[in-house]
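Shown next, in structure tokens, is the structure this report addresses.
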Amino acid sequence: MSEQQHRNKSGFETRAIHAGYEPDPATGAVIAPIYATSTYKQDGVGGLRGGYEYSRSGNPTRTALEGALAALEEGEQAFAFASGLAGEHTVVRALCRPGDHVVIPDDAYGGTHRLFDKVEQAWGLTHSTAAVSDVDAVRVAIRPGETKLVWVETPTNPLLNIGDIEALAAVAHDAGALLVVDNTFASPYLQQPLTLGADVVVHSTTKYVGGHSDVVGGAVVVRDLAVAEAVGYHQNAIGAVPGPFDAFLTHRGIKTLGVRMDRHCDNAERVVEFLAAHPAVEQVIYPGLQDHPGHAVASRQMKRYGGMVSFRVTGGEDHALAVCDRAEVFTLGESLGGVESLIEHPGRMTHASVAGTDLEVPADLIRLSVGIETADDLLADLDAALSGG
Ligand code: PLP
């Protein structure tokens with residue numbers, strides 16, 4: 001049994017707190033220190049201590065974070081990056097070549113869509129889009145022999161569509177492709193794609209994993225050693241790694257991921273219940289609702305349904321914008337997954353770049369990242385914002 005498999009036998013919260021780091025033998029420091037160093041003294045040429053040579057290639061603070069990430073996703077190895085997109089780009093360069101093809105979600109996070117559409121396409125990688133909730137559509141989009149990656153998000157942003165990870169892995173593998181799951185919205189506490197057949201997990205750790213809106217970061221976790229070798233080589237070759245302070249902040253956030261996620265889910269459930277009964281709300285979109293088309297799949301593959309809630313208001317775009325402006329405890333802002341509640345208007349903010357395309361989102365849609373404040377305060381804030389108070 002590998003060290004990783006052994007570690008994976010502990011409970012999630014135990015792994016979140018202990019995996020990746022043993023108290024420093026020299027000082028007993030319980031928390032991995034911030035190793036603010038770019039280089040390391042060698043004991044004779046090539047005599048590396050612990051394999052550390054130069055901090056782009058490896059840094060002990062980052063090693064601790066990567067150990068924790070691998071343990072949380074039940075992967076063989078994890079790699080930390082300066083941002084989610086840096087990790088995504090590295091995965092593409094590690095696993096694809098010019099002339100290859102990938103399938104991406106038809107409602108992919110805008111930055112992911114831009115990466116494939118503008119950056120990887122210029123390098124010679126083609127892509128097709130498909131709805132992640134429609135396994136047949138994904139199968140049709142795959143070009144056997146050409147498609148190297150099937151890339152999905154679940155839940156998606158902002159409409160919270162759900163992809164069936166097991167079924168999508170089977171479809172990808174049948175065609176000789178790998179399944180990559182962007183697990184940013186669920187976090188490893190709610191969903192572990194590698195245990196459901198995915199080959200690679202990517203995260204914007206900027207969101208729930210870091211959890212405090214104080215650091216931008218990314219992660220890639222893999223379950224196969226050959227894939228790990230390719231990603232590790234490209235992590236060093238491309239060099240988009242986090243500095244030790246960023247790695248420290250993300251690792252610090254991880255320790256409370258389980259308790260934070262449960263509170264995010266508790267509060268989101270209260271918000272959903274409140275919005276569903278509100279006369280100024282047309283529709284609530286949340287995978288935990290029975291009428292959500294992905295409810296059955298989400299119930300199978302997620303522990304709970306997460307902290308992201310989208311809803312449509314009566315009165316169209318003007319009312320949606322006014323609600324966003326009036327909210328006070330919910331801070332008007334982009335991003336998600338932090339302890340503080342955020343509200344945004346996807347049509348004008350996160351998804352403004354897809355206006356006029358197939359990816360355009362409804363103008364009366366509001367997205368909430370429900371934080372871990374006192375739930376009653378969140379409901380009162382939404383009530384006042386919806387009622388014009
Ligand atoms: N994936 C998803 C689902 C995201 O929401 C984001 C950012 O919002 C990213 C990837 C990109 O991550 P980053 O902003 O850390 O580069």
Side-chain angles (χ1 to χ4, degrees), residues 65 69 73 78-93 102 104-120 127 129 132-133 149-163 165 179-191 193 198 200-221 235 238-243 246-247 249-250 253-254 261 264 287 302 306-310 333-338 340 342-346 349-354 359 361 367-370:
L65 167 63
L69 288 164
E73 286 289 3
F79 302 90
F81 290 90
S83 68
L85 282 172
E88 294 186 20
H89 175 64
T90 303
V91 167
V92 170
R93 293 300 167 109
V102 299
I104 63 171
D106 66 359
D107 56 352
Y109 161 64
T112 298
H113 184 263
R114 180 180 56 202
L115 177 72
F116 282 102
D117 201 43
K118 302 286 186 253
V119 179
E120 312 302 0
H127 65 273
T129 59
V132 299
S133 55
L149 303 177
V150 174
W151 190 290
V152 302
E153 293 170 23
T154 179
T156 64
N157 175 16
L159 293 173
L160 307 176
N161 289 315
I162 301 292
I165 296 172
L179 180 70
V180 181
V181 177
D182 183 331
N183 204 25
T184 299
F185 267 45
S187 91
Y189 181 66
L190 299 181
Q191 174 174 282
V200 178
V201 163
V202 299
H203 277 282
S204 170
T205 56
T206 317
K207 313 297 175 348
Y208 288 108
V209 172
H212 295 75
S213 305
D214 52 7
V215 58
V216 171
V220 174
V221 193
Q235 180 196 39
I238 294 173
V241 293
D246 286 1
L249 282 175
T250 305
I254 279 179
M261 288 313 297
H264 282 294
M302 297 177 77
M308 299 302 295
V309 178
S310 294
E334 302 194 358
S335 198
L336 59 115
E340 68 291 315
L342 297 174
I343 188 166
E344 69 122 358
H345 183 265
M349 295 169 65
T350 49
H351 291 67
S353 64
V354 294
L359 306 185
V361 294
R367 188 189 78 178
L368 303 177
S369 172
V370 180

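Counting starts at 1 for both ligands and their atoms, in listed order.
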Open item on the list: Do Asn161 and Asp107 make a side-chain contact, defined as non-hydrogen atoms from C-beta onward lying under 4.5 Å apart?
Closed with: yes
TODO: Answer whether the closest heavy-atom distance between the side chains of Val180 and Glu88 falls below 4.5 Å.
DONE: no
Open item on the list: Can you name the atoms of ligand 1, numbered from 1 with element, that are less than 4.0 Å from a heavy atom of Gly84?
Closed with: 12 (O), 13 (P), 15 (O), 16 (O)
Task: Test side-chain contact (heavy atoms from CB on, under 4.5 Å) applied to Val209 and Leu69, step by step - done: CA-CA 9 Å; Val209 172; Leu69 288 164; 4.1 Å; yes
TODO: Would you mind running through ligand 1 and noting each atom that sits below 4.0 Å from a heavy atom of Asp182?
DONE: 1 (N), 2 (C), 3 (C), 10 (C)
Open item on the list: Would Glu153 count as being in polar contact with ligand 1, using the rule that some N or O on each side must be under 3.5 angstrom apart?
Closed with: no
Task: Sub-4.0 Å heavy-atom approach of Gly217 to ligand 1 - done: yes
Open item on the list: Can you confirm whether Val91 sits close enough to Trp151 that some side-chain heavy atom of one is under 4.5 Å from a side-chain heavy atom of the other?
Closed with: yes
- [ ] Heavy-atom distances under 4.0 Å are what count here, so tell me which part of Leu85 touches ligand 1: side chain, backbone, both or neither.
- [x] both
Task: ligand 1 N/O within reach of Thr206 N/O, cut-off under 3.5 Å - done: yes
Task: Region of Glu88 engaging ligand 1 - heavy atom pairs below 4.0 Å - done: side chain
Open item on the list: Looking only at protein heavy atoms, which one is nearest to atom 4 (C) of ligand 1, and what is the separation?
Closed with: Tyr109 CG, 3.7 Å
Open item on the list: Any non-hydrogen side-chain atom of Val216 less than 4.5 Å from a side-chain atom of Asp246?
Closed with: no
Open item on the list: Please list the nearest protein heavy atom to atom 7 (C) of ligand 1 with its residue and the distance rounded to 0.1 Å.
Closed with: Lys207 NZ, 2.6 Å
Task: Minimum side-chain heavy-atom gap Thr90-Phe79 below 4.5 Å - done: no
Task: Leu336 vs Tyr208 side-chain heavy atoms within contact, under 4.5 Å - done: yes
